[in-house]
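Predicted model, so just to flag it, every value in this text is computed and none were measured. Counting starts at 1 for both ligands and their atoms, following the listed order.
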Amino acid sequence: MTLILDQVSKKFADVQAVQRINLKLPKGEIFGIVGANGAGKTTTFRMILGLIEPSEGKITWEGNQFKNVVSSKIGYLPEERGLYPKLKVKDQLIYLGRLRGMKRQEVVRQVRYWLDRFNVPEFYTKKPESLSKGNQQKIQFIAAVMHRPELLILDEPFSGLDPLNVALLKNAVVDLKNSGTSILFSSHRMEHVEELCEHISILHRGQQVVHGSLKEVKRDFGKLNVTVHAD
Ligand code: ATP
């Protein structure tokens, strides 16, 4: 399944949030979008997810209009993190999984697998309000991947995490990719993207200033006068 964005733009009143973005994400690859605050990363993801309509351009997945793709095939880690603070981790993930059509047993299996992998099996019965921000982020990551989506969209997944947790999540991302998941993620930081992605796009004030393979982007990036380290 290849995700294609063809000359996609979004204008909010007089703000040109995204301007003529092109992107191609083949199955089992990782595509990174780098940009500072306000560059247009979240707007791009929201258009892909069908939460907002592009003002211009076309988004397709294997030739079909992307908005017709069922949500069980997509996983999304939004930039605004949010869990039910008082609902135990297991209960909210079972609730979410059931909404996506998963069997309860399968959710439990997946959640236990991921909690073990993140070295926090005891979180199963914890309430998010008792967890740190970084640990809540792990739970949201599990919520995004537990149904084994074909396309995974991660909006700044590493922001606010300590190096150990960044490494855990990066490992998970690489394993998902190796099992065939197509992954699109954003970051303020070039180094995260460099390490994980085959293809990269650098957004600056809504414009795709550089895009291509890692090699091409590294070659062209040095010539640019843009700042992507905003955090
Ligand atoms: P950040 O890292 O801060 O999340 P971003 O790269 O994700 O930045 P976007 O959130 O996509 O950037 O915002 C791009 C531009 O579009 C910004 O100027 C923002 O203020 C504007 N924008 C985004 N959503 C809306 C909206 N619903 N209405 C008006 N303007 C918007």
Checklist entry - Can you name the residues that form a side-chain hydrogen bond (donor to acceptor under 3.5 Å, both in side chains) with Glu56, not counting sequence neighbours? => result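 In terms of side-chain hydrogen bond (donor to acceptor under 3.5 Å, both in side chains), with neighbours along the sequence ignored, Glu56 is linked to no residue.
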
Checklist entry - With sequence neighbours excluded, what pairs up with His192 under the side-chain hydrogen bond (donor to acceptor under 3.5 Å, both in side chains) test? => result Lys170

Checklist entry - Exactly which residues line ligand 1, taking a heavy atom under 4.0 Å from it as the test? => result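 Residue list for ligand 1: Phe12, Val15, Ala17, Ala36, Asn37, Gly38, Ala39, Gly40, Lys41, Thr42, Thr43, Glu79, Glu156, His188.
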
Next on the checklist: Under a 4.0 Å threshold between the charged nitrogen and the carboxylate oxygen, would Glu156 count as salt-bridged to Lys41?
Outcome noted: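 Looking at Glu156 together with Lys41, the answer is yes, because their closest N to O distance falls below 4.0 Å.
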
Checklist entry - Any Lys/Arg nitrogen of Asp175 or Arg117 sitting under 4.0 Å from an Asp/Glu carboxylate oxygen of the other? => result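 Salt bridge present between Asp175 and Arg117.
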
Item to check | side chain to side chain donor-acceptor pair (under 3.5 Å) contacts touching residues 86-99 (sequence neighbours left out) | outcome: Lys86-Glu129

Item to check | Same apolar cluster (I L V M F W Y, side chains within < 4.5 Å links), Val34/Val166 | outcome: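 Cluster IDs for Val34 and Val166 match.
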
